[in-house]
Structures are given as structure tokens and as C-alpha cells.
2 protein chains.
Amino acid sequence: MGRPRTFDVEDALEATLAVFWRKGFEGTSYSDLVAATGVERPALYSAFGNKDMLFLRALERYGSHYGNYVWEAVSHDRSRDVAWQVLEGAVELNTRYADRAGCFGINGGLAGSDESEASRQALIKWRADGEAVLRERFEKARREGDLPSDADPAVLAAYILAVAHGIAVQAKAGFSREKLTAIARQAVSTWPSA
Amino acid sequence: MGRPRTFDVEDALEATLAVFWRKGFEGTSYSDLVAATGVERPALYSAFGNKDMLFLRALERYGSHYGNYVWEAVSHDRSRDVAWQVLEGAVELNTRYADRAGCFGINGGLAGSDESEASRQALIKWRADGEAVLRERFEKARREGDLPSDADPAVLAAYILAVAHGIAVQAKAGFSREKLTAIARQAVSTWPSA
DNA sequence: AACATTTCATAATGGTTGTTACGTAATGAC
DNA sequence: GTCATTACGTAACAACCATTATGAAATGTT
């Protein structure tokens, strides 16, 4: 019962996600979100909570709707293919939309004022979760002999994600998909073989 | 003539640099700068101009006082040593100060509101300048036979800096110097040889 | 048709942002 | 010692920030 919503919550969240993706947490004002969603301020608050909550919801959606290529990547048979797919997927996503180049998980915010610390911690945790998935996949590869016994799965996972983060920075700076792909190729050329 | 300054301009700039390094352009308020420098607002304006100008001056100082390891790196004889020194220098600088982890050139701002676009463009140009220096060094290496003829100096330079940027992101997230060093080692583990 | 409930849009809240007038204080030149 | 010049600290500026009080409008239930 009660008066029904006149806007679609998922649509509003998607529009919100796009703004945070482009401008980051601190660079996004509630006025921006009102303009992007077409939803008035109090309606956004009642649907999502405050700016912190809205950002967390957007990050969650980003992971499930855009960052899912990581899960497909880890399902490959060879660890080298996994590494390559993560980087190629990052390049593709980071250059897919001209108006929001780069990665939400990076653009969202690295440094900022104390008021935005919560959003940055959420991003750090989000990236760490992805790293854990990748590390476990490489541990499995080493057990299976797909990686040499002296390879360090934790270092390899952190390395691949470091390259992905660097690619995200460069994508936001306007690097072409071709150049970023060449960087990804160079990155996996260091891949160890059993 | 006129009343002399009661504060040291270089000291104030260094304090300003430290705040921007930690909080980025958007995360830093003029009140933060007043507190960090101990200089009243109008004195900062008369000495440096507005926030944009102050940020540009801080970036300039960062390049000459902290980013100079790149110039030392490119003076090495072998391209592999150049690449390694750039990454090791980045790791050292990005973990040198606990209160301002990461790189000014990254923390300063990747995404943000339209009002801070000038600062982000300045950072993009600053990073591009560093990339050009590295690319020219690798072009020289290829001419000298220190890199194979089918190596692409532009890609190698962009690759090394992508890793450096990724390391900066991870340093800001709290990664240890040891872990970042291992990542850097992995990055140069299969440097092309002639 | 009356009620409880939920959302709506308008408009205001107190606080902070970057930026400056303003009048006073300190200097070198004459 | 007067003058032009520069810097000082206080205090203000309009604009924007995230957040919310308020009352009307729209629903399902009775």
C-alpha cells in the first residue's frame, strides 16, 4: 500500500553509477545525481539513504553488472589465459564508454578528504576481493602444475591487478584501446610457465 | 620595498604539496592549506594565486624534488636497468611517507567535478611528459641494439608506467614495500633482450 | 467514502567551499 | 620623519554542499 514510486529504482541506480564512475565520489554532488536520475532529492534519500549508501549500492552494481568479466576469466583452463582475459577485459570495459573512461573501482576515489574515507575503504576492499579471487585461481594453477613451484600466486595476482589499475589510469587519461591492448600483451609476456 | 613576508614561500609550498599529495586536489580545502602552512588565507592567495595555481606549483615542486628518480633511472646503461630503477624508485617514493602513501601524480586526482578539470589535465600532461622521457630512452636503446628491433619503445614505456601507476594505487591502499617490490620484479622479469 | 500509509515536490536547514574587501602594520626611499 | 608600497589578520562574501522538515498527492484496505 501507499503511494507507488514514479521512478524505477534500478534505472536510478544505473544513472547514479554512471555519474560516480565519471566523477568519483567527491566530484559527484547530489545535484548531479538529481540531474542524472531525474529523481528529486528526498526521493533518492528515501530509496537509497545518504551519499555513502548510494555509492556503496553503485559499487555493488558495478561489480555484478560490469566487473563480472573477472569471473569468466578465472574459469579458463590455463593461468596465462586467465591473466590475459583479466587484462583484456579491463581494457575493453575501461574504453567501452567514452563518457566514463577508466574503472569505477579506481575513478571512484583514491585520495580525498576525511569525509569520503568510507567510500575509499569500500573501494579498497572491493579491489582486495578481486585480488583474492585471482590469487586463489593461481594457487590452484600451481597445485595443478600450470605454474612453476617457485611462482608466487599472491605476487602474480597483485601484479596483474597492478597492470589493470595502471591501464585504468591511462584509459581515464584518454589512451586508445589499441595502445592499452599492446600494454596488456607486454604485461602477460612476463608470464611464467611450468 | 614594502613590508617583508613573515613566512618562507618554499616552506609553505612544501606543506601545501604534502596536503595535496595526501588528499588530492578536490579533497583539499583552502582551510586545510591554511592549517598545514600556518599562513593565513589572503597571504596564500597573494603569494601563489588561487587553488589551481597553488596545485600547479605543488606539482612542479613534486616533479623536481620527488620525481627526479626518473632522470637518474634513464641514465643507466641498459634499458632493463632503466625499467627496474623506475619501478623501484616508484615503490620507494610511494612508501616513503606513511602519511602520504602513493604518488602525487595519481593521488592528485583522476576523476572529479568539472571545476577541477584543470588540475587533472595538468596531471595527465605531467605523466605524459614522464612517459615521453622513458620512450625516448628506449628508442635510444633500440638504436644501440640494447633492445630487439621488433620491440616497441612506446609500448614498453607505457607498460612500465602502467605498472608504476598500479603500484601507486596499491601503495595508497596500504600495500607493503616488500609486496610492491615483488610486483616490480615480476614486471621486469622478462624484459626483451636483443 | 474514510483511513492509514507511502511518495511526491518545494523549500529550507546549518555548514563549508573558494575568494576578497578592508583597515592596520611594517618596510625602504627620500 | 613622511611617503609609497607591500604584507598582515579579521571578517565578510555569494555559492554550493549534504541533508531534511513540510504538506499535498496517490495508493490499497476497509
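Quick note on labels: first sequence line is chain A, next is B, and so on, each numbered from 1.
- Of the listed nucleotides (C:dC8, D:dA7, D:dA18), C:dC8 has the atom at the smallest distance from the side chain of A:Phe7.
- Contacts of residues 13-39 of chain A with DNA chain D (heavy atom under 4.0 Å): A:Thr28, A:Ser29, A:Tyr30, A:Ser31.
- The CZ atom of B:Arg41 sits 13 Å away from the P atom of C:dT20 (whole-angstrom rounding).
- Counting atom types as modelled, B:Arg3 pairs a side-chain N or O with a base atom of C:dA25 as donor and acceptor under 3.5 Å.
- Residues B:Ala43 and B:Gly2 each lie close to DNA chain D; by heavy-atom proximity, the contact nearer the 5' end of the strand is made by B:Gly2.
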Test log, rule salt bridge (Lys or Arg N to Asp or Glu O under 4.0 Å), inputs B:Arg142 and B:Asp146: CA-CA 6 Å; B:Arg142 192 173 65 172; B:Asp146 180 37; over 6 Å; no
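- The separation between A:Met53 atom CE and D:dA18 atom P is 16 Å, rounded to whole Å.
- Distance CZ (B:Phe48) to P (D:dA7): 12 Å, rounded to an integer number of Å.
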Test salt bridge (Lys or Arg N to Asp or Glu O under 4.0 Å) applied to B:Lys140 and B:Glu136, step by step: CA-CA 6 Å; B:Lys140 172 167 172 282; B:Glu136 287 161 17; over 6 Å; no
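- Taking atom CZ of residue B:Phe55 and atom P of nucleotide C:dT19, one finds them 14 Å apart after rounding to whole Å.
- Contact annotation: B:Asn50 does not reach the phosphate of C:dG18 (side-chain N/O to OP1 or OP2, under 4.0 Å).
- For A:Arg78, the CZ atom sits in a loose shell: 12 or fewer heavy atoms of surrounding residues, nucleotides or ligands are nearer than 6.0 Å.
- Each of B:Lys51 and A:Arg5 was matched to the nucleotide of DNA chain C holding its nearest heavy atom; the match closer to the 5' end belongs to A:Arg5.
- Listed candidates were C:dT27, C:dG18, D:dT20. Nearest to the side chain of A:Pro42 is D:dT20.
- Heavy-atom neighbours of A:Asp77 CG from other residues, nucleotides or ligands within 6.0 Å: at or below the threshold of 12.
- By the 4.0 Å N-to-carboxylate-O rule, B:Glu178 lies too far from B:Arg185 to be salt-bridged with it.
- The pair B:Glu131-B:Arg127 does not meet the salt-bridge criterion, since no charged nitrogen lies less than 4.0 angstrom from a carboxylate oxygen.
- Put simply, CD on A:Glu40 is 17 Å from P on D:dT20, counting in whole angstrom units.
- Here C:dA21 presents its P atom at 12 Å from OH of B:Tyr45, a figure rounded to the nearest Å.
- In this structure, B:Asn94 contributes its side chain and B:Ala90 its backbone to a donor-acceptor pair below 3.5 Å.
- Between the CG atom of B:Leu44 and the C1' atom of C:dT20 there is a distance of 14 Å, given to the nearest Å.
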